[in-house]
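Below: one structure, written as structure tokens.
A, B, ... follow the sequence lines: proteins, then strands. Residue 1 opens every chain.
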There are 2 protein chains.
Amino acid sequence: MSTIQEVAKYAGVSVATVSRVINKSDTVTEKTRLRVEKIIEELNYEPSALGRNLRTSESRLLLVLLPSISNPFYSEIINGIQDTVISQGYNILLCETDSNPEREAIYFNMLRNRLADGIISMDPTVNKDKLIELAANYPIVHCSEYDEDGTVAHVTINNELAAYQAVRHLIKLGQKNIALINTDETFLYARERRRGYEKALLEFGLPIRKEWIYHADKLEFQRGQQAVRKLFQQDDKPTAFFAVSDIYAIGALKEINAKGLRVPDDIALVGFDKISFSNMTYPTLTTVAQPMYRMGCTAADMIINKICGKEVESIILDHELVIREST
Amino acid sequence: MSTIQEVAKYAGVSVATVSRVINKSDTVTEKTRLRVEKIIEELNYEPSALGRNLRTSESRLLLVLLPSISNPFYSEIINGIQDTVISQGYNILLCETDSNPEREAIYFNMLRNRLADGIISMDPTVNKDKLIELAANYPIVHCSEYDEDGTVAHVTINNELAAYQAVRHLIKLGQKNIALINTDETFLYARERRRGYEKALLEFGLPIRKEWIYHADKLEFQRGQQAVRKLFQQDDKPTAFFAVSDIYAIGALKEINAKGLRVPDDIALVGFDKISFSNMTYPTLTTVAQPMYRMGCTAADMIINKICGKEVESIILDHELVIREST
DNA sequence: ATGAAAGCGCTAACAT
DNA sequence: ATGTTAGCGCTTTCAT
């Protein structure tokens, strides 16, 4: 690997001039520029980001933290982020945390280390204190998930309202026995969606039955199957399910079909996220669509503004209930 | 952010000693070590990776290139990589290329830049010349996909054999009219699996019919639906499908169901990859399982060995035909 | 056991 | 328009 020194030497100029050529300063004569560029080409020289970053103390790298890449929900968000940051000269690196505090700490450290300029986190706040402390000194925004106490700027949807509308939709269809398939309530969205579910029930005079609220721990299809199995073991069986993720809804659907019951005639079902799978099931899934691409773009704009020292406000985007065959 | 200088100053020692404490050198007295550690704690000091990397010229960061994170096939591979590299003091950054040469170039440059120590690529070789040139000077291994001309070490399965076995399975079930739903043949696995498909047909005296080989361009469910639609427009209709990805197979299944045909009675169907969703469909999908986790571990071992200057050999892992309800 | 000092590759302030 | 030089934060060699 050649260095700026070698380029300078062979081009017969100083390193400063080479640096000027690389950084497109306009105070270099055409002739010099061409000579330097020729040498750069010949030596196959590439400026070391390490040296540059150490000097400028910026890396133009953004970290995107996500619990797991196997949830297709994140894909579109990432596309939005990617498209937005690239146009601004940044790049993103995806960091899978598994919601594991140790892994999270590694990525947090990359920020303190100056290896990255900012973090877009889609992770529930595993290490809350650390995050808040970090966010005070470094650019961090939350996307989709966020910290309820609210010191960190975020972009998200109104999860409570979305869940409320989904459940109200079921109730208006005549459903009275609606179970909730929820995820781990360390996720804020899980807590919010439960609230929306409960609010809808209360509003229509339906009882909130603890035994009809199922908590899955991992976001896997199998957990949706398990949920249905468990809920159907009870004497009083629900006739409708609201799942906080399409992943669970798809698992639930599989189990309902396996029991010989028909959706939506015997059992109604609503999911959340409108992942692409949700349109491949039989029947297709009623679900809540989030503006994922736009959410990604927004998060990207926010983090870049933050890096530039601007104040950024949290943003709530619109969602939409997409009614398909399962209700 | 505090620096090593400040720590040295407050601890009343030289920066060299602080460095020794950080790097756990054993030539520091207990007493000094404790004093320095106390100051590090107090100042909330974190060594700058930038300074360190510039000095040691290593980053302990590995890049993992993948075409798209929305294909669940990659998830398990990444888990394998992650688990392996962490134990060796490395970290990975996921880079979504969209098989776009420009994006790929960005990540290639991170390697030349010394921002990363090595690349595990699951991308088809978009920019072949560049890759080969790079691989000559930097640690790169291919995982799953690879370069047929073979200068870059890789870990993969025998795609041709796997496809052959899948199709043979259909033939032994009495199927004579088997269509292939393939992906873009810039992917080597697409070319190999087609070869396996053709080999099986030839071996059992069945004709290879060009019009029964469908090429989808993007890896989306919809393409599987389209494939079936297209293939069914023909006068001579296939009665079985071999799809080179579960994604296509799932789309195909949806379309077959929509036509009122039954799987496997009317139409038989085999997929590839054994993604988790392939067990959620009705009926469940016969598919080819790859040892994804192990593939990830192997790729990780290979790249680390390469970084350490060792010679590494390409490796072929075993696959397995998983027979389920769709055949 | 510890310190002084060089230097990794680069940018930018200052000098010419 | 170009060169000289300091210094970003760290590790490591060589002295002491």
Residues in residues 27-46 of chain A with a heavy atom under 4.0 Å of DNA chain D, by number, are A:T27, A:V28, A:T29, A:T32
Within residues 6-13 of chain B, those residues having any heavy atom closer than 4.0 Å to DNA chain C are B:G12, B:V13
If you compare every side-chain N and O of B:N53 against the phosphate oxygens of D:dC10 (OP1, OP2), does one of them come in below 4.0 Å? no
Outer limits of DNA chain C sitting under 4.0 Å from a non-hydrogen atom of chain A, read 5' to 3', are C:dG9 to C:dA13
Looking only at side chains, do A:S25 and A:N23 share a donor and an acceptor under 3.5 Å apart?
-> no
For B:N44 and A:R112, does a side-chain donor sit closer than 3.5 Å to a side-chain acceptor?
yes
Sorted by chain and residue number, the salt bridge (Lys or Arg N to Asp or Glu O under 4.0 Å) partners of B:D217 (sequence neighbours excluded) come out as B:R223
Across the strands shown, which category fits [X] at heavy-atom distances under 4.0 angstrom: base, sugar-phosphate, nothing?
| X | result |
| --- | --- |
| A:R20 | base |
| B:T17 | sugar-phosphate |
| B:L54 | base |

Across all chains, not counting sequence neighbours, the side-chain contact (heavy atoms from CB on, under 4.5 Å) partners of B:Q82 are A:E96, A:R103, A:Y107, B:I86, B:I92
The bend of the helix from C:dA1-D:dT16 to C:dT16-D:dA1, taken between the axes of its five terminal pairs at each end and rounded to 10°, is 40°
With B:H142 as partner, the option from B:L131, B:V155, B:D123, B:T156 fulfilling side chain to side chain contact (heavy atoms under 4.5 Å, CB included) is B:L131
